[in-house]
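Data block below; observations after.
Atoms within a ligand are numbered from 1 in the order they appear, just like the ligands themselves. All values below come from the heavy atoms of this structure, side chains included, with hydrogens, waters and symmetry mates left out.
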Amino acid sequence: PSLDLPVTQVADVLPGKPSVSYIAFGSNVGDRISNIQRAFNLLNAHAGVKVRKTSSIFESEPMYVQDQPQFLNGCFELETELPPIELLRLCKRIEYEELKRVKEFENGPRSIDLDIILYKNSDGEDVVMTTEELIIPHPRLIERTFVMEPLCELIPCTAVHPVTAEPILNHLNQVYEQQRDENVLSKIIPLAKLNGVDRFLKFKNRLKKDAVSNRLINTTVSPTLIMGIINTTPDSFSDGGQLGDDIDVQLLKVKTMVEDALKLNNQVIIDIGGCSTRPNSGQAPLEEELRRTIPLIRAVRTCDFIPQEQVILSIDTYRSEVAEQAINAGADLVNDISGGKFDPNMFTVLAKNPTVAYAMSHIRGDIQSMNKLTDYSCEDGGNGENQTEYYYGKKFDNKEDTALIRTMARELATQYSKALSMGMKTWQIILDPGLGFAKHANQNLEVIRSIYILKNYSIVKGSEFVNFRNKPVLIGPSRKKFIGHITGETTASERDISTSSVVTACVGYGADIVRVHDTANCAKSIKIADSIYRCSI
Ligand SMILES: Nc1nc2ncc(COP(=O)(O)O)nc2c(=O)[nH]1
Ligand SMILES: Nc1nc2ncc(COP(=O)(O)O)nc2c(=O)[nH]1
């Protein structure tokens, strides 16, 4: 239903004080990811436009005309000196002249669609206008999850629709209340093409009504991904030295891991690490870490007895040099236990590779000092600035019980903002609460119980706003000391059975990816857990 909007005078764009506009993008023809990236670059290339933020990318069912390919949708947040009509004309030029959009019929397939959703002038006032050429806010905004879901990643959860004066998050929930399958979106992480084939990590969440309370619960409904650990270090705490330096032995281990995982899923992540990060361990020099990892990544990527399309290759490193060489050797994902804190160039390397995923872990201090930094009681991060934290749009009531996860989330949000400010894209980032990194045994258990809180956390700090909505969560419990602390298993390699129980709990609390040594058994516990908690057999 289009809103019968009043025609109002468009507030002037004051020179030198940019306006802010939110542009929804959609593509379902051609190379969708490259169309989106080109639209981003073409908007950014215009002197009067700066794209400040991107939302996640979502795969969505065609809304009005069903028999056409699925769309990839999302939103850009941009600063602009252009008045609304000029901005519209720039979008049309990019659609039709640059990206050769052909409009076959209304709501039909398109290489790219750029719609102005909202426009705030230099004074932060929402512009409301209705002309033949342009209606702002977009008249079909409040019926579209593929617009509101990404938009709600970029605006504070309290932001209201300029005409209905209701929070946009409420409009989104109202559409989800209808519980229609076509409104369910899959968040995707685009990866580098392989043999011209698009590859994604895909995470599907839906707001399901709780059977008793009827409340909407954010539920993951896609299969949990397994990340198999290949430690090529002689001293890793749990399986140090087993693999040695022989590439053929390592390749066989990878092959076995992949086969075990693909019996029960159609995708597997292999995480190759060349530098142990167990507490107080000595750190291998850069050259040694490169020698242990890069040849193996190259060997896995070029090996013909491994199903390349289904294997996502990850490098476990906190060094940007190792990350860069691993990406050039074929790695799809950089798994950084330091969340970018140990190497100032890490975010720059990832910003140059927008189709490489990045697992950002929470940590404090460094490998030597982290286990002394486990006090999470400080509420305001010690700097007292005015900040408000939300769980899925509602302020946290019980602050005592959530101090640990909120403080960790605040610290992750600082790194996340820094990553985006250095040019990384929202869609690249996976969060990891960092079990065993600056957390003692009981805190690790509480972190597992709080995964679902992290996935629905947002914080407004002054004009800054960070939203972890839809962020996939990776977690690494495998063989760690906190398990031995409970079971009395003193050596790491005897903790696989216990680990597979912990894996089930991690899935139950919302983990999207689980990092394990024993892929054969953990693949089974993940499959059981998905059947119980995700109803995805
Ligand atoms: N899933 C999905 N369905 C769609 N259906 C129609 C239009 C046409 O939108 P318009 O009215 O803004 O041209 N765009 C989409 C879209 O972007 N995603
Ligand atoms: N993303 C992520 N990566 C990690 N890498 C190493 C270790 C330390 O364990 P290991 O020495 O067994 O690899 N733990 C994690 C973790 O918890 N999360």
Handout entry: Ser34/Gln37 under side chain to side chain donor-acceptor pair (under 3.5 Å): CA gap, chis, key distance, verdict
Key = CA-CA 5 Å; Ser34 125; Gln37 285 188 295; over 6 Å; no
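In terms of polar-atom proximity, Asn335 is counted as a contact of ligand 2, with an N or O under 3.5 Å from an N or O of the ligand. Residue-to-ligand polar distances place Arg515 within reach of ligand 2: an N/O pair is separated by less than 3.5 Å.
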Report each N/O pair between ligand 1 and the protein that falls under 3.5 Å, naming both atoms.
{"unit_1": "ligand 1", "atom_1": "1 (N)", "unit_2": "Ser60", "atom_2": "OG", "d": "2.8"}
{"unit_1": "ligand 1", "atom_1": "1 (N)", "unit_2": "Glu61", "atom_2": "O", "d": "2.7"}
{"unit_1": "ligand 1", "atom_1": "3 (N)", "unit_2": "Met63", "atom_2": "N", "d": "3.0"}
{"unit_1": "ligand 1", "atom_1": "9 (O)", "unit_2": "Arg144", "atom_2": "NH2", "d": "3.3"}
{"unit_1": "ligand 1", "atom_1": "11 (O)", "unit_2": "Arg140", "atom_2": "NH2", "d": "3.1"}
{"unit_1": "ligand 1", "atom_1": "11 (O)", "unit_2": "Arg144", "atom_2": "NH2", "d": "2.9"}
{"unit_1": "ligand 1", "atom_1": "12 (O)", "unit_2": "Asp113", "atom_2": "OD2", "d": "3.3"}
{"unit_1": "ligand 1", "atom_1": "12 (O)", "unit_2": "Asp115", "atom_2": "OD2", "d": "2.4"}
{"unit_1": "ligand 1", "atom_1": "12 (O)", "unit_2": "Arg144", "atom_2": "NH1", "d": "3.3"}
{"unit_1": "ligand 1", "atom_1": "13 (O)", "unit_2": "Asp113", "atom_2": "OD2", "d": "3.4"}
{"unit_1": "ligand 1", "atom_1": "17 (O)", "unit_2": "Asn73", "atom_2": "ND2", "d": "2.8"}
{"unit_1": "ligand 1", "atom_1": "18 (N)", "unit_2": "Asn73", "atom_2": "OD1", "d": "3.0"}

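In summary, the atoms of ligand 2 found under 4.0 Å from a heavy atom of Ser361, numbered by their order in the structure, are 1 (N). In the vicinity of His517, heavy-atom distances shorter than 4.0 Å reach the ligand 2 atoms 12 (O). Against a heavy-atom cut-off of under 4.0 Å, Thr277 is close to the following atoms of ligand 2: 6 (C), 7 (C), 8 (C). Distances below 4.0 Å separate heavy atoms of Gly476 from the following atoms of ligand 2: 17 (O).
In this structure, Met227 falls outside the shell of residues with a heavy atom less than 4.0 angstrom from ligand 2. Ligand 2 has no atom lying under 4.0 Å from any heavy atom of Ser276.
Side-chain rings of Phe76 and Tyr22 stay apart, their centers remaining 6.0 Å or farther from each other.
When non-hydrogen atoms are compared, ligand 2 lies under 4.0 Å from the side chain of Asn231 (C-beta onward) but not from its backbone. With a 4.0 Å heavy-atom cut-off, ligand 2 is reached by no atom of Pro477. The proximity of Arg479 to ligand 2, defined as any non-hydrogen pair under 4.0 Å, does not occur for either the backbone or the side chain. Contacts of Leu474 with ligand 2, taken as heavy-atom pairs under 4.0 Å, involve the side chain alone.
Here Arg180 does not pair with Glu61 in a salt bridge; the nearest charged N to carboxylate O distance is not below 4.0 Å. Looking at Asp336 and Lys341, no side-chain N of the basic residue comes within less than 4.0 Å of a carboxylate O on the acidic one, giving no salt bridge.
Annotation: salt bridge (Lys or Arg N to Asp or Glu O under 4.0 Å) contacts involving residues 506-520, sequence neighbours excluded, comprise Asp271-Arg515, Asp316-Arg515, Lys455-Asp512.
When the ring pair (Phe, Tyr, Trp, His ring centres under 6.0 Å) test is applied to Phe347, the partners found at least two apart in sequence or on another chain are Tyr358.
Side chains of Thr232 and Gln250: no donor on one and acceptor on the other come within 3.5 Å. A donor and an acceptor atom, one from each side chain of Ser56 and Glu153, are located under 3.5 Å apart. Inspection of the Ser314 and Asn335 side chains reveals no N or O donor paired with an N or O acceptor under 3.5 Å.
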For residues 84-94, which side-chain N or O atoms pair as donor and acceptor with protein atoms under 3.5 Å away, sequence neighbours left out?
{"unit_1": "Arg89", "atom_1": "NE", "unit_2": "Glu133", "atom_2": "OE2", "d": "3.2"}
{"unit_1": "Arg89", "atom_1": "NH2", "unit_2": "Glu133", "atom_2": "OE1", "d": "3.1"}
{"unit_1": "Lys92", "atom_1": "NZ", "unit_2": "Glu95", "atom_2": "OE1", "d": "3.2"}

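Remark: Arg364 is positioned above the aromatic ring of Tyr376, its terminal NZ or CZ atom under 6.0 angstrom from the ring centre and at most 45 degrees off the axis.
Shown here for Met148 and Ile142, the closest heavy-atom pair between the two residues is CE-O, 3.5 Å.
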